Amino acid sequence: MAKPVAGAEIRASDADRDRIAEILREALAEGRLDPEEHSERIDAVYRAKTMGELEPMVRDLPVAGQPSPPPSGSGAYAGAPPPDQNLVAVFSESKRKGRWQVPARINAVAIFGSVEIDLTEALFPQQQILINVTAIFGSVEILVPENLTLRSSGSGVLGSFEVETNDAIAADAPVVQVNGYAVLGSVEARPKRGALIRDLRDRLRVQRDERRERHAELRHGRQERRDRFRKDLDG
């Protein structure tokens, strides 16, 4: 009877390598790894043959989709997700735009005022973003990149609640959900045409593809050398 193969000795698949590479990309985007460390680990990932060789690459990193471990001692954990943000405009205006890290939840309240939320140049540390809006005799305007998913669940009471829903092509694109209501006010959310998410993930995805192509070329070169060696032996 054949002896069972230990988990660490199981051969790694391309999907396993891609999963580990995704964790490393998240770690670089969050500042847990510097570019040199990330490059070294990515190269090791695509050279790995077994699961045991992959595991050390992410042993000191949190698993994607799970919260970071709490810090020891006082002070905020450097890699923690950005806190929820409240944007309130009462007889005034409140704006959030430019390059910023979007939290998982944004609360926007406009009472006889206006709130503007512009995500077109923002970074998205997590995939799911919830925006709760309340507009009473006021207005809330939300702009998002056109390559993310935009959904809504809201209503207008003697007012308008208009969300131009959008479904991203990429399955891993961020999802923005807009909930709330407008009373004698207005809520508008829409993709800004031509505005795309341009952050580290896009560049790192290109780098991953380039590395995979490079490793494929190396494997092809090794196979050619083996074939020539066998041919020489046969000759």
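Because only heavy atoms are used, hydrogens play no part in the values below, and waters and symmetry mates are left out as well, while side chains stay in. Because the structure is a prediction, the values reported are computed rather than measured.
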Is the shortest side-chain heavy-atom distance between Glu53 and Thr50 below 4.5 Å?
yes

Can you see which heavy atom on Ser152 is nearest to which on Phe161, and at what distance?
CB-CE2, 4.3 Å

CD-OG1 distance between Gln177 and Thr165, expressed to the nearest 0.5 angstrom:
10.5 Å

Sort and list the pairs that fulfil salt bridge (charged side-chain N to carboxylate O under 4.0 Å, His left out) and have at least one residue in residues 134-150, not counting sequence neighbours.
Glu141-Arg190, Glu146-Arg193

Side chain of Glu22, backbone of Arg19: donor and acceptor closer than 3.5 Å?
no

Taking the side chain as every heavy atom from C-beta outward, state whether Ile23 and Glu26 have any pair of such atoms under 4.5 Å apart.
no

Shortest non-hydrogen separation from Met57 to Leu24 and the atoms involved:
O-CD2, 3.5 Å

In chain order, what residues pass the side-chain contact (heavy atoms from CB on, under 4.5 Å) check against Asp84, with sequence neighbours excluded?
Arg105

Would you mind reporting whether Glu188 and Glu164 have side-chain heavy atoms less than 4.5 Å apart?
no

Do Leu54 and Leu61 sit in one hydrophobic cluster, given that two such residues count as connected whenever their side-chain heavy atoms are within less than 4.5 Å of each other, even indirectly?
yes

Using links of under 4.5 Å between side-chain heavy atoms of ILVMFWY residues, direct or through other members, which residues join Val175 in one cluster?
none

Transitive ILVMFWY side-chain link Leu143 to Leu123, under 4.5 Å
no

Which atom of Ala173 lies closest to which atom of Asn147, heavy atoms considered:
CB-O, 3.6 Å

Looking at side-chain heavy atoms only, is the closest gap between Asp167 and Thr149 below 4.5 Å?
yes

Please answer: with hydrophobic residues joined when any side-chain heavy atoms are less than 4.5 Å apart, are Val133 and Ile136 in the same cluster?
no

Heavy-atom donor-acceptor pair, Asn166 side chain to Leu148 backbone, under 3.5 Å:
yes

Across all chains, not counting sequence neighbours, the side-chain contact (heavy atoms from CB on, under 4.5 Å) partners of Ala104 are Gln126

Closest non-hydrogen atoms of Leu87 and Ser94, given as atom of the first, atom of the second and distance, are CD2-OG, 3.6 Å

I'd like to check the side-chain hydrogen bond (donor to acceptor under 3.5 Å, both in side chains) partners of Ser13; sequence neighbours left out, ordered by chain and number.
Asp16

Taking every non-hydrogen atom, the tightest pair across Tyr46 and Ala21
OH-CB, 3.6 Å

Can you confirm whether Val102 sits close enough to Val176 that some side-chain heavy atom of one is under 4.5 Å from a side-chain heavy atom of the other?
no

Determine whether Val183 and Leu158 make a side-chain contact, defined as any pair of heavy atoms from C-beta on separated by less than 4.5 Å.
no

I'd like to check the side-chain hydrogen bond (donor to acceptor under 3.5 Å, both in side chains) partners of Glu162; sequence neighbours left out, ordered by chain and number.
none

If every non-hydrogen atom of Pro145 is compared with every non-hydrogen atom of Thr120, which pair is closest and at what distance?
CG-CA, 3.8 Å

If you group Ile, Leu, Val, Met, Phe, Trp and Tyr by side-chain heavy-atom gaps below 4.5 Å, do Met51 and Val45 land in one group?
yes

Linking I/L/V/M/F/W/Y whenever any side-chain heavy atoms sit under 4.5 Å apart, do Val157 and Phe137 land together?
yes

So, using side-chain hydrogen bond (donor to acceptor under 3.5 Å, both in side chains) as the criterion, who are the partners of Asp60 when residues are at least two apart?
Arg41

Just to verify, what does Pro103 make a side-chain contact (heavy atoms from CB on, under 4.5 Å) with, not counting sequence neighbours?
Pro82, Gln85, Trp100, Ile106

Could I get the full list of side-chain contact (heavy atoms from CB on, under 4.5 Å) partners for Glu37, not counting sequence neighbours?
Leu33, Asp34

Backbone N/O of Pro174 and side chain of Gln128: donor-acceptor pair under 3.5 Å:
no

How would you list all residue pairs meeting ring pair (Phe, Tyr, Trp, His ring centres under 6.0 Å) that involve residues 173-193, not counting sequence neighbours?
none

Distance-only donor-acceptor pairs under 3.5 Å for side chains of residues 107-116, two or more places apart:
unit_1, atom_1, unit_2, atom_2, d
Asn107, OD1, Asn132, ND2, 3.4
Asn107, ND2, Asn86, OD1, 2.9

With sequence neighbours excluded, what pairs up with Arg11 under the side-chain hydrogen bond (donor to acceptor under 3.5 Å, both in side chains) test?
none

